[in-house]
Amino acid sequence: MAQNRTRWIPDTYIIIFFVVLFAALLTWTVPVGKFETHEITYIMGSSEKSRSVLVPESFQYELGKDGKPVMNGVKLFEPYGETGILNYAFEGLVSGDKWGSAVGVVAFILIVGGAFGIVLRTGAIESGMKRMIKKTKGMDTLIIPVLFFLFSLGGAVFGMGEEAIPFVFIVVPVVIALGYDSIVAVMITYCATQIGFGASWMNPFSVAIAQGIAQIPVLSGSGFRIFMWFFFTLLGTLYTWRYAVKIRKNPSLSPVRESDNYFREELEAAGETDERFGLGDILVILTIALGMVWTIWGVVEKGYYIPEIASQFFAMGLVSGIIGVIFKLNGMKINDIAVSFRAGASDLLGAAIVVGMAKGIILVLGGDSPTEPTVLNTVLHNVGLMISGLSPVISAWLMYLFQSVFNFFVVSGSGQAALTMPLMAPLADIAGVTRQVAVLAFQLGDGFTNLIVPTSAVMMASIGAARIDWATWAKWQIKFQGILFLCGSLFVIAAVVVGFN
């Protein structure tokens, strides 16, 4: 008699720990090196931008007293604020500043989680959702293509990423109420933004910076990229829709059925109450809508980033809580604002810790600064040497492969562009590949792997909001990653063949 067997999947923390051990091993076997940097300027729109980038031919190994390359093997433990193997979690969590990873992103995740804890406590989203489902009966399947298109467009036009996290909170209960699962919610929000981000023709944080560094006209090659964006958006939509239909027909096939029970129980509890949708609910939903508009305006018009966006969502949660208390939504009292903020933040605490641990991997390798002796700089230099002697098609494809892998270590699009494009642009000239193709390989490699690498803070926060463990997510996502990589490879090869310039 056949028995049901549960396949064991290691926890995300365990996976990261073994990656840290592998990174530590590299520090004992790969010599460290560094580059010099210089400032470059480029025109984007009507304004002049500048950025510090590495000088490709300036690479040099760090040499010891004997004149041989040095290997900075990391120790098991390091005192006084240095990074050893056992220091990776703490040092990773406190690294950086409020503008980025890790400490800024960790704070951002906790603040956004807390703010939406307050919003969800009011029950206004559930009430509005039930009203919407009744009003749109028979048209609910349109939520997948419409939202996927809109979020992909947001990723393509203004580099939407962190802004997708609060939408996951809102969309998850909606799609579960429609008979889908939380994977669908993450796909039509966060994943859609990253497909748009990677296939964009004008993303200011990725393709525009890469083109400026490669010294080709910013926003050039738009026709090819717009077609590419449409193709990948359609591909993502159809893949998600096909999966969603399968889950709706047979919910037991969902790999997140158990974790989704949390949302189902919330929906059932909301369904046991009276079918209210009063002035208080309307004001909370209006607050959310205005908060989203304020955030998007701030990002697009004022260049707001992590500190401002986090504070905007905190304000949105606070106002929603005050409305909930005044109108006694779900019996809310003033202390419930604090309690629900704490509960919401705790729901994303696991994702926030992963962000710090993942940053610890980079610190074990010596960091990602081009001017400091690190293992990453040595890897970057040697990959460049390897690519330079191959045929144009193979060189371009290897650029794409390298950018996909390198994104695990440097998730920031602008950061990865600053590190890799000064090297890849002149290598493209040597290999007979246009610099436009080198930029294409960068943007596809940088964008699509954001859907799976655990070092992506926004991805971890998004699946954390949906209560999906990374190992479960990665197991489901890997097939889609394979499809994206195959199609991305075909676009890169096609760009070489047609002389994309």
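Just so you know, residue 1 is the first one in the sequence shown, and it goes up from there. These numbers were taken from a predicted model, which means no experiment stands behind them.
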In chain order, what residues pass the ring-ring contact (aromatic ring centres under 6.0 Å, His included) check against Phe59, with sequence neighbours excluded?
Phe35, Tyr61, His381
Output every pair passing salt bridge (charged side-chain N to carboxylate O under 4.0 Å, His left out) with a member in residues 162-184, not counting sequence neighbours, ordered by first then second residue.
none
Rounded to the nearest 0.5 Å, the CD atom of Gln477 sits from the CG atom of Leu484 at a distance of 7.0 Å
For Phe158, all residues meeting ring-ring contact (aromatic ring centres under 6.0 Å, His included), sequence neighbours excluded:
none
Sorted by chain and number, sequence neighbours left out, salt bridge (Lys or Arg N to Asp or Glu O under 4.0 Å) with Arg248 holds for Asp140
Quick one, Trp473 and Val186 - any side-chain contact, counting heavy atoms below 4.5 Å?
yes
Show every salt bridge (charged side-chain N to carboxylate O under 4.0 Å, His left out) that has at least one partner inside residues 339-353, sequence neighbours left out.
Asp347-Arg467
Sequence neighbours left out, what pairs pass ring pair (Phe, Tyr, Trp, His ring centres under 6.0 Å) with at least one residue falling in residues 240-264?
Tyr243-Trp476
When rounded to the nearest 0.5 angstrom, what is the spacing between CD1 in Ile176 and OG in Ser182?
5.5 Å
Is a donor on one side and an acceptor on the other found under 3.5 Å between the side chain of Ser152 and the backbone of Phe148?
no
Heavy-atom neighbours of Asn335 CG exceed 12 at 6.0 Å
no
So, taking the atom named CE in Met459 and the one named CD1 in Ile165, what distance separates them when rounded to the nearest 0.5 Å?
11.5 Å
Applied to residues 350-372, the side-chain hydrogen bond (donor to acceptor under 3.5 Å, both in side chains) test, sequence neighbours excluded, yields Ser369-Thr371
For residues 446-462, the side-chain hydrogen bond (donor to acceptor under 3.5 Å, both in side chains) pairs (sequence neighbours left out) are Tyr190-Ser456, Gln194-Asn450, Asn407-Thr449, Asn407-Asn450
In Å, rounded to the nearest 0.5 Å, how long is the span from CG of Asn203 to CD1 of Ile209?
8.0 Å
With sequence neighbours excluded, what pairs up with Phe197 under the ring-ring contact (aromatic ring centres under 6.0 Å, His included) test?
none
CG (Leu490) and CG (Leu486) are apart, to the nearest 0.5 Å, by 5.0 Å
To the nearest 0.5 Å, what is the distance between CZ (Arg225) and CZ (Phe232)?
12.5 Å
When every non-hydrogen atom of Ala102 is compared with those of Gly356, the smallest separation belongs to CB-CA, 4.1 Å
Taking only residues two or more places apart in sequence or in another chain, which ones pass salt bridge (Lys or Arg N to Asp or Glu O under 4.0 Å) with Glu91?
none
Identify, with sequence neighbours excluded, every residue that meets ring-ring contact (aromatic ring centres under 6.0 Å, His included) alongside Phe151.
Phe167
Under 3.5 Å, is there a donor on one side chain and an acceptor on the other for Gln443 and Ser200?
no
All salt bridge (Lys or Arg N to Asp or Glu O under 4.0 Å) counterparts of Asp336, not counting sequence neighbours
Arg121
